[in-house]
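Taking it in order: structure first as structure tokens, then the write-up.
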Amino acid sequence: MATPPTNPTMSERGRSLVRHRSFLAQPSTIVVMLLLIAFTVSIVSLSEAAGGDISTSLVKTLGKTMCLCLIAVAMDLVWGYCGILSLGHFAFFGLGGYMVGMWIMYARTEAIVVEAARNAPLPPTPQEIRDAIGTQIFGVVGGSDIPPIWAFAHSLPLQLILVVLVPGLLALVFGWLAFRSRVTGVYLSILTQAMTLALSLYLFQNDSGLRGNNGLSGLQNIPGFEEVPQSVVSVAFFVASAVALGAGYLLAAWIVSGKFGSVIRGIRDDEPRVRFLGYQVEHYKLFVFTLTAIIAGIAGALYYPQAGIVNPAEIAPIASIYLAVWVAIGGRGRLYGAIIGAAFVSLLSTWFTGGRAPDIHLGFYTIQWVDWWQVLLGVAFVLVTLFAPKGIGGLVDLLVRPKRQASAGQPAPREAAE
Amino acid sequence: MSALLEVAGVSVSFDGFRAINNLSFEIEEAELRAIIGPNGAGKTTFMDIVTGKTRPNVGKVTWGPNNISLLKRSEAEIARLGIGRKFQRPTVFEDQSVFDNLLMALKKPRNPFAAMLYRRDEDDIARIRALAEEIGLTGALMRRSGELSHGQKQWLEIGMLLAQDPKLLLVDEPAAGMTVGEREHTTRLLRETARTRAVIVVEHDMEFVRQLGCRVTVLHEGSVLAEGSLDYVTNDARVIDVYLGR
Ligand SMILES: Nc1ncnc2c1ncn2[C@@H]1O[C@H](COP(=O)(O)OP(=O)(O)OP(=O)(O)O)[C@@H](O)[C@H]1O
Ligand SMILES: [Mg+2]
């Protein structure tokens with residue numbers, strides 16, 4: 001054991017060091033988990049499927065919001081903790097959606113084709129079935145061949161592996177190139193924007209093999225569950241999204257609570273200094289970048305079946321910028337801040353752009369929120385950046401910190417894991 | 001026995017300005033060395049070269065018994081070879097506690113997976129406590145290091161340097177902003193450390209250098225002007241001319 005403490009306060013401090021508080025015991029983790037569970041249980045029990053009043057479309061909106069919260073947690077990990085302002089994470093989100101969407105479209109079309117051929121005098125050959133599927137899916141872009149990238153689309157497990165693999169590999173290759181040449185700061189942000197722009201432009205092309213600007217549609221109809229009403233499907237996805245958010249949050253909380261978290265926050269605050277301590281900064285950044293891309297991909301894979309459609313516009317550069325705005329408004333560098341920001345801003349955005357917000361008549365001009373919401377959001381972002389860098393999450397400090405300080409009777413010893 | 005660190009014929013230019021000019025320098029395994037020189041002499045740049053931050057235009061920098069070249073290695077690799085550095089301006093991770101700063105510096109596997117699976121054990125905590133005792137920050141272990149005074153940050157950085165357990169310590173102006181008592185403590189610490197490893201101290205304060213009681217290298221305009229005991233170099237006419245006479 002260590003040297004015997006010389007006075008009582010030191011021994012107290014000493015013990016608090018020895019007992020490293022697990023991330024599971026942190027108040028923020030406990031509160032977030034309890035709220036998440038309570039919220040999920042109440043929505044499920046009040047949903048249409050359970051005979052309640054909450055409409056299927058609202059359940060879908062809330063389920064999608066959970067997915068947005070999950071990608072926001074990933075964004076907070078990569079930006080708020082590791083200091084990499086990626087403006088491309090929505091590309092990974094979209095790719096996750098495409099990967100799962102390919103299976104949904106393929107399997108559903110296959111079922112329709114097989115069903116239609118049942119009354120035919122001769123049973124169709126496998127090749128005829130494939131041709132029919134190809135025509136059905138790619139007719140809109142003037143094609144009928146199934147492109148090679150659809151090779152695994154018949155198999156759900158394989159496409160689910162691709163949900164992880166495709167965003168992960170893209171992030172790994174991109175990150176390796178960028179971090180190895182020490183591209184940082186605004187240059188890295190621009191590079192990530194370029195990546196997402198390039199991807200979206202590519203997907204817009206009709207011969208990209210992913211139906212150009214039509215994207216993949218009908219994703220709310222899950223193959224094999226055609227008989228199950230949407231009210232039930234929506235609840236299933238809502239719960240799955242909640243579980244994914246909970247798991248993602250716990251994973252992120254675990255990562256940032258230990259020494260790894262210390263190192264990445266060190267990279268955020270003073271990258272060269274971390275290098276001089278002997279840490280290979282590139283490896284840490286690459287790890288965080290890739291991991292968060294995978295989380296984004298999973299979030300997207302859960303989001304788009306609830307949205308029903310994924311198209312290249314989803315991957316537009318602006319989407320990734322919004323993501324950064326959510327995290328900034330919610331409060332970066334604290335995981336629950338990301339959730340608050342994503343939920344608050346995206347729900348507000350749905351309300352404003354859904355035409356439900358009342359127009360404001362000024363006599364000479366009418367403010368229509370569908371158009372002006374973007375302006376409001378932009379102004380809010382600037383104001384938060386300038387005057388409240390801790391975001392909405394900073395309000396929690398006002399509630400919690402003063403109490404702690406008073407009880408300690410001295411400047412509160414801030415624990416690093418917070 | 002060969003030198004621990006050997007710098008031979010190194011030159012560095014910044015936009016045509018020669019900050020280091022055909023510099024050669026050697027240090028043994030357990031040696032304390034002071035480097036003095038006027039502002040802009042190239043003392044910090046010298047440390048930048050050794051730690052891989054600045055790449056020289058010409059010259060050799062070799063390390064250890066196998067004389068491996070440091071020129072092609074990254075900052076992190078060089079640090080892991082056993083070269084630790086304290087910066088002129090104290091640079092600690094202000095957002096994190098003193099404990100976490102020391103923990104990050106503590107000699108342990110540095111790869112991401114090791115860091116992720118790391119769990120603090122009794123030995124590490126004891127080691128950090130002992131270091132904190134040494135640098136007078138025992139009572140401040142859980143404080144955010146940004147709240148520390150300038151002098152305490154200097155101490156913390158020295159503590160982080162010791163925590164790395166390097167074979168060579170490069171210490172840039174450790175005594176700046178310290179009280180007389182703190183300076184004495186620093187001197188003692190550096191001399192003690194130099195019994196088992198190499199220590200290079202850059203310092204402006206002559207009294208501090210005298211207390212170190214070690215060999216002194218005088219840098220001027222990027223090259224070695226004189227080398228020897230403090231008395232020897234301070235009596236050198238050229239040294240008086242460029243440095244002490246001002
Ligand atoms: N990255 C750089 N770009 C351009 N010039 C540089 C750079 N780094 C150092 N210099 C110049 O090189 C010279 C040597 O600087 P250096 O910091 O090594 O001096 P020093 O001996 O440490 O001085 P001080 O005692 O003030 O710390 C100075 O003239 C400085 O302006
Ligand atoms: Mg200097």
Side-chain angles (χ1 to χ4, degrees), chain A residues 1-7 9-10 12-20 22 81 180 182 254-288 290-291 333 408 410-418, chain B residues 51-53 74-87 91-101 103-108 110-123 125-130 133 138-145 147 157 160-161 163-164 166:
Chain A
M1 250 317 286
T3 47
T6 50
N7 60 53
T9 51
M10 208 182 110
E12 261 163 48
R13 287 208 175 95
R15 255 185 273 122
S16 76
L17 288 182
V18 178
R19 276 188 291 109
H20 169 58
S22 154
Y81 284 88
R180 194 184 55 128
R182 300 212 178 161
W254 175 66
I255 284 178
V256 301
S257 70
K259 188 157 122 182
F260 187 92
S262 256
V263 175
I264 61 174
R265 280 181 298 149
I267 292 171
R268 173 192 70 193
D269 296 336
D270 192 345
E271 184 173 325
R273 186 70 182 93
V274 179
R275 283 209 173 89
F276 289 118
L277 283 178
Y279 291 97
Q280 205 83 43
V281 166
E282 297 72 32
H283 296 174
Y284 281 79
K285 285 182 158 184
L286 193 56
F287 183 90
V288 173
T290 306
L291 176 72
Q410 56 186 336
R414 246 184 67 171
E415 260 187 73
E418 285 175 340
Chain B
T51 53
K53 186 182 177 192
S74 72
E75 297 97 314
E77 278 176 303
I78 292 174
R80 288 198 299 271
L81 283 173
I83 300 182
R85 174 170 188 185
K86 185 214 153 291
F87 290 81
T91 44
V92 297
F93 300 103
E94 309 228 329
D95 199 35
Q96 306 194 36
S97 68
V98 170
F99 182 90
D100 282 346
N101 269 277
L103 184 65
M104 233 193 287
L106 203 63
K107 189 173 188 180
K108 288 277 154 187
R110 294 300 206 216
N111 70 73
F113 298 100
M116 195 167 292
L117 299 175
Y118 171 80
R119 301 207 45 92
R120 48 182 85 165
D121 60 27
E122 302 268 314
D123 288 348
I125 292 168
R127 174 105 180 83
I128 289 177
R129 281 235 193 87
E133 185 89 53
T138 304
L141 266 177
M142 288 325 274
R143 276 178 66 192
R144 216 171 66 89
S145 58
E147 296 169 1
E157 215 183 336
M160 289 165 74
L161 188 55
Q164 289 173 69

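All figures in this text were calculated on a predicted structure; none of them were measured in a lab. Chain naming here is simple, since letters A, B, ... match the order of the sequence lines and numbering starts at 1 in each.
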From OG1 (B:Thr91) to CE (B:Met160), nearest 0.5 Å: 7.5 Å

Inter-residue atom distance B:Asn101.CG - B:Leu141.CG, 0.5 Å rounding: 10.5 Å

Beyond-backbone contact of B:Asp95 with A:Arg268, side-chain heavy atoms, under 4.5 angstrom: yes

For each of [options], tally heavy-atom pairs with chain A at distances under 4.5 Å, and name the one with the top tally.
| options | answer |
| --- | --- |
| B:Lys108, B:Lys53, B:Arg127 | B:Lys53 |
| B:Pro112, B:Ala79, B:Pro166 | B:Pro112 |
| B:Gly52, B:Ser74, B:Ala115 | B:Ala115 |
| B:Glu157, B:Lys107, B:Glu94 | B:Glu157 |

Chain B interface, residue from A:Gly278, A:Pro272, A:Gly261 that has the most non-hydrogen pairs under 4.5 Å: A:Gly278

Which atoms of [X] come close to chain B, meaning under 4.5 Å heavy atom to heavy atom: side chain ones, backbone ones, both, or neither?
| X | result |
| --- | --- |
| A:Val288 | neither |
| A:Tyr279 | both |
| A:Asp269 | side chain |

Ionic contact status for A:Glu282 with A:Arg275, cut-off 4.0 Å: yes

Residues A:Lys285 and A:Glu271 bridged, charged N to O under 4.0 Å: yes

Check: B:Tyr118 ring centroid to A:Phe260 ring centroid under 6.0 Å: no

